[in-house]
There are 2 protein chains.
Amino acid sequence: MLRVSKFTDYAVVVLSRLEAEGGVQTAPGLAAGTGIAEPTVAKVLKMLSQAGIVEGLRGARGGYRLLRPLSSLGLSEVIVAIDGPIALTACVDGGFGLCEAEQTCPVRGRWDPVNSAIRGALSAIMVSEIASPPVPRRAAALQPVLVAE
Amino acid sequence: MLRVSKFTDYAVVVLSRLEAEGGVQTAPGLAAGTGIAEPTVAKVLKMLSQAGIVEGLRGARGGYRLLRPLSSLGLSEVIVAIDGPIALTACVDGGFGLCEAEQTCPVRGRWDPVNSAIRGALSAIMVSEIASPPVPRRAAALQPVLVAE
DNA sequence: GCAATCCGGACCCATTGGGTCCCCTTTGAA
DNA sequence: TTCAAAGGGGACCCAATGGGTCCGGATTGC
């Protein structure tokens, strides 16, 4: 279905909120502000901090802080941070030995141009283009995620 | 993970085989030729025929026939035929009432540019660019499917 | 009339995404 | 010095659904 995990969507919502509020925000605070369950928000923030998109500040008065403005943050970076590498097929970028039918598989490695195309399309889109506009409101649970035509 | 279902991959393999052989091919024949389980091949062909990509001929001496050369068949058509509409998020293209938090969801409908971008990228790629090159060999079972960076 | 073949649906199972909970570590403030 | 607030990391469970199989019915050439 060419779907993106809900977490990616959550990440955009959380990042949007983070930028709208500015400064350091706590996970519970962001959860309350977005309507997303707190443990889920914490999970998303953890992944984003590991990817270097936000910074986690520990201890009392801690929280999370944006490291880059959303206008310079490519959507593909968020997707990679949350969902892992963008790869439409398993046999991608030299995945030798993974396909048990290497010899006979006629499409082996041929999805690369597709992956490149999608990568390019996603890299060109900044998170700020998707995140909530000037008027930051409260967010809530979202549904699944796909790419449709 | 931004993955595409295995069926889409199978479809490309089957279509490739169909064009390589030319004329009318039976589902069992294509299954044998590709190494994919016969019921699975039948399922894929059924979906492709519903989408108008191939034509099913019933009765004895029946089989499936390509309606268009792969060089003019966009990859997005195959994906739509197999996996359904390309939509990264549930709240897409006016999915009113689906999101229980319409009022408060800050990213509602904002994934549209992303969907458009991906649609465009996929439409520009023809199946013939992915399908096996001049040298058609036997195909076999494939693994999952993703889009990576 | 028989056999080959597509058509359509129902059905089942394994994978995994989505979500929750718990405990440890860190650190500012009283 | 102590305590509480907050992040860090992992284990765990449940449900959705993709992947695959099987069956009976309809159609058509021999």
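Below, chain A is the first sequence line, B the second, and so on; all start at residue 1. Just so it is clear, the structure is predicted and the values come from calculations on it, not from any experiment.
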Sugar-phosphate only, base, or nothing, as touched by A42(A) at under 4.0 Å among non-hydrogen atoms: nothing
Candidate nucleotides dT28(D), dA29(C), dG20(D), ranked by approach to the side chain of R61(A) - the nearest: dA29(C)
For P113(A) against I125(B), the heavy-atom pair lying closest together: O-CD1, 4.0 Å
Between C1' of dT27(D) and CD of E55(B), the distance in whole Å: 14 Å
Q50(B) side-chain N/O to M47(B) backbone N/O, donor-acceptor pair under 3.5 Å: no
Rounded distance in Å - CD1 (I82(B)) to P (dG20(D)): 13 Å
Distance below 4.0 Å between S49(A) side-chain N/O and dG7(D) OP1 or OP2: no
d(NZ, K6(B); P, dT21(D)) in whole Å: 11 Å
Shortest non-hydrogen separation from Y64(B) to K46(B) and the atoms involved: OH-N, 4.2 Å
Selected nucleotide, minimal atom distance to P28(A) side chain, candidates dG8(C), dG7(D), dG19(D): dG7(D)
side-chain N/O Q25(A) vs dA6(D) OP1/OP2, d < 4.0 Å: no
Spacing of D83(B) atom CG relative to dG18(D) atom C1', expressed in whole Å: 10 Å
Which nucleotide in dG19(C), dT27(C), dG7(D) has an atom nearest any side-chain atom of T40(A): dG19(C)
K43(A) side-chain N/O to dG8(D) phosphate OP1/OP2 under 4.0 Å: no
Y64(B) side chain, from C-beta outward: closest of dC7(C), dG29(D), dT21(D): dC7(C)
Length of the CZ-P vector between R58(B) and dT27(D), whole Å: 6 Å
Charged N-O contact under 4.0 Å between E77(B) and R68(B): yes
Sugar-phosphate, base or nothing in reach of E38(A), heavy atoms under 4.0 Å: nothing
Closest listed nucleotide, where the reference is the side chain of T26(A) and the choices are dT20(C), dG7(D), dT21(D): dG7(D)
Sugar-phosphate only, base, or nothing, as touched by L45(B) at under 4.0 Å among non-hydrogen atoms: nothing
Gap between atoms CG and C1', on L48(B) and dC7(C) respectively (whole Å): 15 Å
Option from L66(B), V127(B), V12(B) for which side chain to side chain contact (heavy atoms under 4.5 Å, CB included) with L73(B) holds: V127(B)
Residue K46(A), side-chain atoms from C-beta onward, closest of dG10(D), dG20(D), dG7(D): dG10(D)
Sugar-phosphate, base or nothing in reach of Q50(A), heavy atoms under 4.0 Å: sugar-phosphate
Y10(B) vs dG20(D): side-chain N/O to OP1/OP2 distance below 4.0 Å: yes
